[in-house]
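Structure first, then comments.
Chain identifiers are assigned alphabetically (A, B, ...) following the order of the sequence lines, protein sequences preceding nucleic acid strands; residue numbering begins at 1 within each chain. Values below: every heavy atom of this structure, side chains too, minus hydrogens, waters and symmetry copies.
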There are 2 protein chains.
Amino acid sequence: MDQGHPGGRGSLTVGRIVEEATALADEGGLAALSMRALGRRLGVEGMAVYHHVANKEALLDALTDEVFREIALPAGEDWRTGLRARSVSERLVLRRHPWAIGLVETRTAPGPTTLGHQDHVIGYLRGAGFSPRAAAQVLAFLDAYVYGFVLQELALPADPTPVVRAVRERPGSTPFPHLEAVITEVVDAGYDFADEFEVGLDLLLDAMGALRG
Amino acid sequence: MDQGHPGGRGSLTVGRIVEEATALADEGGLAALSMRALGRRLGVEGMAVYHHVANKEALLDALTDEVFREIALPAGEDWRTGLRARSVSERLVLRRHPWAIGLVETRTAPGPTTLGHQDHVIGYLRGAGFSPRAAAQVLAFLDAYVYGFVLQELALPADPTPVVRAVRERPGSTPFPHLEAVITEVVDAGYDFADEFEVGLDLLLDAMGALRG
DNA sequence: GTACCGTCCTTTACAGCGTAAAGACCGACG
DNA sequence: CGTCGGTCTTTACGCTGTAAAGGACGGTAC
């Protein structure tokens with residue numbers, strides 16, 4: 001069970017800690033990430049982690065910052081294409097680490113990787129002819145859309161909710177006629193919510209053009 | 001300290017529990033909402049709450065559902081105006097209860113108030129000429145934007161971050177030239193991030209028109 | 001009246017959490 | 001060899017959600 005990592009004295013580094021903490025959260029959610037469980041995974045007592053990380057808050061800060069390293073930076077001549085690819089990548093990363101979006105809310109001091117990422121995007125937009133304010137707006141609006149969409153995706157239950165089941169079994173039995181219409185005519189007609197992401201993204205990207213000088 | 005609520009036998013109701021739990025979370029964040037603290041506020045032992053609520057998860061479900069009661073329903077002939085007012089209200093409600101957006105992520109079964117709200121919005125859009133699918137898209141896209149924007153607002157620190165302070169004291173001292181430009185030419189030029197909400201909202205609302213039959 | 005019962009609340013207890021404090025080990029240096 | 005500094009372990013405290021059991025009350029039945 002302890003193969004794969006040495007676990008002995010001197011084997012602990014901040015890098016290894018962040019790596020295993022990420023894996024732990026990916027597998028069991030933020031709730032599974034306790035200092036004791038993390039220590040167990042590292043082949044060490046929980047308290048040992050405190051010699052490399054100030055406290056759990058600092059560890060979560062580091063986890064959040066690392067996430068931004070995975071998001072593809074925008075590139076290419078066409079700003080619309082470049083931004084689109086970045087947003088698509090951002091969504092995939094946030095889905096791969098479902099705990100990340102919950103951390104963004106509580107982390108008020110962005111780390112160096114996050115700042116570097118944002119700096120790059122702003123610079124990319126400035127190079128495409130956006131003013132400083134417009135660049136900041138575009139980044140904020142796109143991130144808002146991506147964050148919010150992923151938030152809704154994560155809240156989607158794996159199994160159909162009682163309401164959805166009720167609609168399928170006895171249509172007209174709920175007090176929500178319009179939701180019923182959406183379920184039967186959209187959801188059950190083969191439209192996947194995940195596919196709507198790019199529809200909204202393209203509409204928003206089109207709208208962003210109005211902010212360019 | 002115990003004035004204002006009876007606190008005796010039979011004084012506990014689900015309504016009172018949800019009400020005080022909301023107040024507790026509003027004042028001290030989700031972390032301040034423990035069953036013992038809630039009981040204390042209700043003039044009762046923590047375990048007494050369990051006779052009216054299955055467990056803490058169910059309580060959080062109820063809290064989340066109640067939030068949707070506060071969001072103004074869209075009304076009026078012009079769908080754009082109606083939706084705009086709803087989104088503005090939604091943002092204010094989410095800012096008033098900063099814990100709510102963090103709960104949305106983990107609650108996978110929407111409550112009756114939430115469903116009723118969504119049903120109303122879908123019906124409103126259908127009445128304005130949107131197809132079932134388009135209505136669902138508009139609702140999802142607008143909510144995504146509002147959720148994501150509030151998420152970013154909540155992550156804004158009260159005090160300026162080290163980076164912002166560094167830029168103000170010694171411009172050019174950070175490795176983030178484009179962020180520096182945004183700070184000096186946008187943030188410090190009087191543009192308030194909160195005011196950008198309606199800019200993006202209007203752009204998005206304009207884009208939603210393309211989804212109408 | 002008084003015995004009973006069901007409901008509401010309290011008490012006690014347990015495993016887990018983050019982390020402060022202090023002890024134990026171990027390689028390196030004088 | 002002795003001692004020091006860093007790394008890890010041990011122990012402990014107050015907090016968490018909640019299972020289990022006990023106690024107190026009000027209403028009903030005799």
> In whole Å, what is the span from the CG atom of L12(A) to the P atom of dG6(D)?
Replying inline: 17 Å

>> Parallel, tilted or perpendicular: which one describes the rings of F197(B) and Y145(B), with boundaries at 30° and 60°?
In response: parallel

>> Give me the atom names and distance for the closest heavy-atom approach of V93(A) to E70(A).
In response: CG2-O, 3.6 Å

>> In this structure, how many angstroms lie between the P atom of dT19(C) and the CG atom of L38(A), rounded?
In response: 12 Å

> Can we say R69(B) and E66(B) salt-bridge, meaning some charged N sits less than 4.0 Å from an Asp/Glu carboxylate O?
Replying inline: yes

> Roughly, in whole Å, what's the span from CE in M47(B) to C1' in dT7(C)?
Replying inline: 16 Å

What does the list of N/O pairs under 3.5 Å between the protein and nucleotides 15-17 of chain D look like, with a distance for each?
{"from": "dT16(D)", "atom 1": "OP1", "to": "S34(B)", "atom 2": "OG", "distance (Å)": "2.8"}
{"from": "dG17(D)", "atom 1": "OP1", "to": "K56(B)", "atom 2": "NZ", "distance (Å)": "2.6"}
{"from": "dG17(D)", "atom 1": "OP2", "to": "M35(B)", "atom 2": "N", "distance (Å)": "2.9"}
{"from": "dG17(D)", "atom 1": "N7", "to": "R36(B)", "atom 2": "NH1", "distance (Å)": "2.7"}
{"from": "dG17(D)", "atom 1": "O6", "to": "R36(B)", "atom 2": "NH2", "distance (Å)": "2.9"}

>> From CG of L60(A) over to P of dC17(C), roughly how many Å is that when rounded to an integer?
In response: 14 Å

>> Are the side chains of W99(B) and L63(B) in contact, using a 4.5 Å heavy-atom criterion?
In response: yes

>> Rounded to whole Å, how long is the line connecting atom CD of E45(A) with atom P of dT10(D)?
In response: 5 Å

>> Taking CZ in F193(B) as the centre, count heavy atoms belonging to other residues, nucleotides or ligands within less than 6.0 Å. Is the count above 12?
In response: yes

> To the nearest 0.5 Å, how far apart are OG in S34(B) and CG in L24(B)?
Replying inline: 7.5 Å

>> Tell me the interatomic distance from H51(B), atom NE2, to dG6(C), atom C1', rounded to whole angstroms.
In response: 12 Å

